[in-house]
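This report refers to the structure that appears directly beneath it.
Each chain gets a letter, A, B and so on, in the order its sequence line appears, and its residues count up from 1.
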Amino acid sequence: MSRVAIIQFPGSNCERETLAAVLAEGLEGEIVRSSISVSEFETFDAYILPGGFSYQDRVRAGAIASKLSLIGHLNAASQAGKPILGICNGCQILAESGLVPHIAMGANRDGDSGVGFICDWVKVRVKNPEQNVFTRLFSSDLVLPIPINHGEGQFIFADGHSYNENGAIFQYCDDDGVIRSEFPYNPNGSAHNLAGLGNAAGNVFAMMPHPERASFQKQIPDYVQGNAMAESADGPFSLVFRSLKEVLS
Amino acid sequence: MLVYTRLKNADLVAISAEIALKETLGVSILTSLSRYCVWDIDCDDALEPVLERSYYLLNPNKEAYSLGSIPISEPQANRHTFFLKVAPRQADRYADISAHIRTQFGFEVRAISRYTLWQIVVSGSDSESLQRQVEQDIVLSRDYQRGLLVNPILDEYELMGAEAF
């Protein structure tokens, strides 16, 4: 059976929910420390960097974690085509390390003003889902509820760069699926309303919302409208982990 | 007016950055790293009452401040001090702080900005080559192998020698 490593940094706090979402799809998962040896690291088939506040967000969110020797191992795994998912702080670590290149995660903003830390449910749509191992089972027709929980979630591109229009992305939208750039539909001022994006090869995905917190219907509060999968026991973002399982099988 | 604030006790951010640079990234020239938060405030009135009687700009229980300048130690042989100014490209205007100061202390603040000032002490003899090395190995974070203090996508920076102060 394929094995998924959920990598716990000092300050991670979403590793157990992420493991539960992985196990629910029938994958074998294990929480491992960020100090894992390279020989043990290489025994896994996929890697997830969970949410939290690695190193207490010192210097910048994800900055210190992005300098660990583990990131070199992840870079080699990425080059070898192994799937890597970064969620929230994991997304910030992937951005800081350059594994998803030419992006940085800025502070949440509404126009010229900072809006601080946001903990809320938002709606997203996926575009080109077939282009990434973590999104391949999604339908681009669906408007999907998912929670966010961050202070620095604004995707900012380096000068002269933008996202790959043919690649898989999640975009913040309103309840009807319209991509609206204004707050609060775009809760952090992200370029192109981006909530998540992958690398060119399609094996790495970085997303700020928390799929592990929308993987079971019981996690979704009644007040969240437009739950496209309300008839199922599975939450809409179980598809992230099911997509991974399909690739690893 | 420049207000330099600094934690009275251990600055865990600076300590973590120093450890990451020395032990994870192997920057052997780094001797010490410390950090100030600097408020640049444009106003005509004295700021001491705001600094000492409100918590708008600093927490006086935890942070010390100095106005206009910071103490710089005497030069030592084979040691060079650099200062790195790091400001976010998306600067905040701190309109809420200006409004609080106007309401509570009765004077106008024309503009407020804030940046981080890192004091970087390195060992070596040639100041020019050290400055290049500091910029490459300590300052600019371009990937997972080098640099930490500045993300060039998010931040603007200025690296200066101690003589600038």
B:I41: which of B:L57, B:V50, B:L2, B:L51 passes side chain to side chain contact (heavy atoms under 4.5 Å, CB included): B:L57

Please look at [X] and chain A and tell me whether the side chain, the backbone, both or neither of the residue comes under 4.5 angstrom of a heavy atom of that chain.
X     : answer
B:A91 : backbone
B:R89 : neither
B:A17 : both

Is it true that the NZ or CZ of B:K85 lies under 6.0 Å from the centre of B:Y115's six-membered ring and within 45 degrees of the ring axis? yes

Side-chain donor-acceptor pair under 3.5 Å between B:Y56 and B:Q104, yes or no? yes

Is it true that A:K67 and B:S141 share a donor-acceptor pair across their side chains at a distance under 3.5 Å? yes

May I ask you to check whether A:F170 and A:F205 place their ring centres under 6.0 Å from each other? yes

Results of salt bridge (Lys or Arg N to Asp or Glu O under 4.0 Å) for B:E156 - residues two or more places apart only: none

[Y] backbone acceptor or donor facing [X] side chain under 3.5 Å:
X      : Y      : result
A:N132 : A:R136 : no
A:R109 : A:D112 : yes
B:S129 : B:D126 : yes
A:N108 : A:G153 : yes
B:S66  : B:S69  : yes

Inter-chain contacts: [range] against chain B, heavy atoms under 4.5 Å:
range                       : answer
residues 156-167 of chain A : A:I156, A:F157, A:A158
residues 36-66 of chain A   : A:R58, A:V59, A:R60, A:A63, A:I64, A:S66
residues 71-95 of chain A   : A:I71, A:G72, A:N75

Could you tell me which of B:D155, B:L25, B:L12 has the largest number of non-hydrogen atom pairs under 4.5 Å with chain A? B:L12

Looking only at heavy atoms and a cut-off of under 4.5 Å, which of B:V86, B:I19, B:N151, B:T24 has the most pairs with chain A?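 Top count of heavy-atom pairs under 4.5 Å with chain A: B:N151.
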
If you apply the rule side chain to side chain donor-acceptor pair (under 3.5 Å), what do you find for A:Q8 with A:R33, and how did you get there? CA-CA 5 Å; A:Q8 181 188 48; A:R33 299 277 178 93; 3.3 Å; yes

How about B:R53: does its CZ atom have over 12 heavy atoms from other parts shown lying under 6.0 Å from it? no

Quick test of your reading of the model: are B:K8 and B:E63 salt-bridged, counting only N-O distances below 4.0 Å?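 Judged by the 4.0 Å cut-off on N to carboxylate O distance, B:K8 and B:E63 do not form a salt bridge.
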
Go through it in stages, so that I can follow the logic: the residues are B:S125 and B:N78, the test is side-chain contact (heavy atoms from CB on, under 4.5 Å), and I'd like the CA-CA distance, side-chain angles, deciding distance and then a yes or no. CA-CA 5 Å; B:S125 54; B:N78 228 30; 3.8 Å; yes

